[in-house]
Amino acid sequence: MMERVVQELVVELKSKGNLVEADAISKYLKTSSLQFFGNRLPVIRQTAKQYAKQIPETFFTDFLQSLWGFRIFDIRRAATEAMLQFLKRGMIEQQALPIVDNWLEDIDTWALTDPLGWCVSKLLINNPKLKEVLKEWGNSENICRRRMAILPYVDLCLRGQYRKEYAPWILETITPHISNREFYIQRAVGWALRQLSYHEPEIVRRFIAQHKSEMTRLVIREGSRKL
């Protein structure tokens with residue numbers, strides 16, 4: 001049954017794709033290792049949700065790994081959306097985190113890293129000890145893993161999930177990266193600060209004032225945009 005659902009999902013996304021869009025998306029994402037069907041994100045999300053509903057809990061991990069086996073962006077992006085749906089249905093950390101850990105070694109675009117960050121944020125809410133895992137990822141030479149160390153904290157602020165105790169978590173996490181010259185790390189740090197500023201503007205103002213000499217211009221600009 002699971003194999004049938006996987007194949008039906010692949011066939012549907014392929015049929016809805018567009019070659020012109022595929023070329024444009026590939027250039028925009030700057031990834032050359034994957035193929036593209038050319039589906040817009042709302043289509044991928046809707047399709048992933050539709051087919052994920054058909055998968056029982058016992059096949060969560062097998063379904064995700066089967067989708068990831070396709071070196072096609074649209075299918076892999078559907079896998080990240082399916083994981084998010086499974087987490088809402090009770091997929092546990094011991095199932096999801098090893099998959100994320102493995103996938104991070106096989107990603108070359110932020111467009112797959114970021115949705116996995118929203119998945120990890122759900123795990124972090126349930127288990128704050130995952131902060132230590134994210135801290136380790138932040139020391140990795142793998143840029144996607146380093147970006148992933150920050151992204152879950154962005155989601156904590158984005159989705160009405162914010163709690164006061166998250167502020168020190170976020171600041172502790174981003175501090176080692178505020179002078180990082182890698183563009184996608186700077187964007188993640190600035191993004192986290194900006195989202196935190198919606199809830200804690202004074203805390204963010206003080207943090208930027210204290211560390212301004214260490215921060216890159218991009219981090220300062222993005223982090224202070226809503227202050």
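For reference, positions follow the sequence shown, starting with 1. In this text the structure is predicted, and so the values were computed from the model without any measurement. The figures here come from the full heavy-atom set of this structure, side chains too, leaving out hydrogens, waters and symmetry mates.
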Apply side-chain contact (heavy atoms from CB on, under 4.5 Å) to the pair Phe86 and Thr61, showing each step before the final yes or no. CA-CA 9 Å; Phe86 292 161; Thr61 58; over 6 Å; no
Pair Glu3, Ser66 - check side-chain contact (heavy atoms from CB on, under 4.5 Å), show working. CA-CA 8 Å; Glu3 291 82 2; Ser66 292; over 6 Å; no
Side chains of residues 11-20: which donor-acceptor partners sit under 3.5 Å, not counting sequence neighbours?
| residue | atom | partner | partner atom | Å |
| --- | --- | --- | --- | --- |
| Glu12 | OE1 | Tyr51 | OH | 2.5 |
| Glu12 | OE2 | Lys16 | NZ | 2.7 |
| Ser15 | OG | Val11 | O | 3.4 |
| Ser15 | OG | Glu12 | O | 2.7 |
| Asn18 | OD1 | Val20 | N | 2.9 |
| Asn18 | OD1 | Glu21 | N | 2.9 |

Please set out all donor-acceptor pairs under 3.5 angstrom arising from side-chain atoms of residues 208-221, sequence neighbours excluded.
| residue | atom | partner | partner atom | Å |
| --- | --- | --- | --- | --- |
| His211 | ND1 | Glu214 | OE2 | 3.0 |
| Thr216 | OG1 | Gln186 | OE1 | 2.7 |
| Thr216 | OG1 | Val219 | N | 3.2 |

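The shortest non-hydrogen separation linking Ala96 to Leu87 is CB-CD2, 4.0 Å.
Arg146 places a side-chain N or O within donor-acceptor distance of the main-chain N or O of Ser140, the cut-off being under 3.5 Å. Of the possible polar contacts, none joining the Arg71 side chain to the Gln35 backbone as a donor-acceptor pair under 3.5 Å is found. Under the 3.5 Å distance criterion, the side-chain polar atoms of Asp74 are matched with a main-chain donor or acceptor of Phe37. Distance alone, capped at 3.5 Å, is enough to place a donor-acceptor pair between the Gln95 side chain and the Ile92 backbone.
Between the side chains of Tyr162 and Glu200, at least one donor N or O lies within less than 3.5 Å of an accepting N or O. Checking Arg163 against Tyr166 by side-chain atom types alone, a donor-acceptor pair falls below 3.5 Å.
Sequence neighbours left out, the pairs with a member in residues 75-94 that pass side chain to side chain donor-acceptor pair (under 3.5 Å) are Arg76-Asp106, Arg77-Thr80, Glu81-Gln85, Glu93-Asn127.
For the pair Leu196/Tyr153, no side-chain contact is recorded, criterion being any heavy-atom separation below 4.5 Å from C-beta on.
Note on Val154: it does not cluster hydrophobically with Tyr198, by side-chain heavy-atom contacts below 4.5 Å among ILVMFWY residues. No continuous path of ILVMFWY side-chain contacts below 4.5 Å connects Phe60 to Leu84, so the two sit in separate hydrophobic clusters.
The aromatic rings of Trp103 and Trp68 sit parallel to each other, their planes meeting at less than 30°, with 60° as the upper class boundary. Using the six-membered ring where Trp is involved, Trp118 and Trp191 have ring planes that are perpendicular, over 60° apart on the 30 and 60° scheme.
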